[in-house]
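These notes concern the structure reproduced below.
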Amino acid sequence: MFTLITLPFELTALQPVISEQTLSFHYGKHLQAYVDNLNKLIVGTEYEQMPLEEIVCKSSDAIFNNAGQVLNHNMYFTQFAPLNAGSHTPHGRILDAITRDFGSQENFKHEFEQKGTTLFGSGWVWLSVDNDGKLVITQELNAQNPVTKGLRPLLTMDVWEHAYYLDYQNRRAAHLQALWEIINWEEIEKRYITLSR
Ligand code: MN
């Protein structure tokens, strides 16, 4: 049985970058539906007792789609902090790794936004660590997650229209650019350090 994650902030906390209306639909309706569907689909299957990430790596079709979307959204929603809280620029080891692998923080953000705006259709853009410890940015369609390619994900932006259409309509690039203001880099660095151990 999977349960809806608890948000580490109020539904109004990410305004004006993400409105209360978008967050309440995205978290309370879309993510809740993926959780409910997944729970129904795994009853009586080999996936019933399996950890979420393992289901994503081993399943296909409807189970994969719902499990992938639960994993993706769990990582997505827990990477944010309100504008006046948390650290919204990278520091420490994650900043060192970004500078090493992308040249600068600006280059990294530019490549990330570019991959987000050029992803055709629905999906996600991800920052992950590869097998050599290098940071990589990938585009993943629909419910895909980089774990299925052996990558270890750190940060993501949801480019499904449900993530931004109420607030930004067709302006996906503007939405992606604004999301940097609420990324909680303390959380991203924590994920990075956990993976690098
Ligand atoms: Mn979404």
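Just follow the structure's listing: the first ligand is 1, and inside any ligand the first atom is 1.
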Please check if the side chain of T156 supplies one atom and the backbone of V125 the other of a donor-acceptor pair under 3.5 Å. yes
For residues 31-52, which residue pairs pass the ring pair (Phe, Tyr, Trp, His ring centres under 6.0 Å) check, not counting sequence neighbours? Y34-H73
Search all heavy atoms of V17 against all heavy atoms of E181 and return the closest pair with its distance. CG2-OE1, 3.9 Å
Tell me every residue that passes ring-ring contact (aromatic ring centres under 6.0 Å, His included) with Y27, counting only those two or more places apart in sequence or in another chain. F77
What are the protein N, O or S atoms, given as residue plus atom name, that sit under 2.8 Å from the Mn ion (ligand 1)? H26 NE2, H73 NE2, D158 OD2, H162 NE2
With distance as the sole criterion, is a donor-acceptor pair present between the side chains of Q69 and N72 under 3.5 Å? yes
Can you sort out the partners of R172 under salt bridge (charged side-chain N to carboxylate O under 4.0 Å, His left out), two or more places apart, ordered by chain and number? none
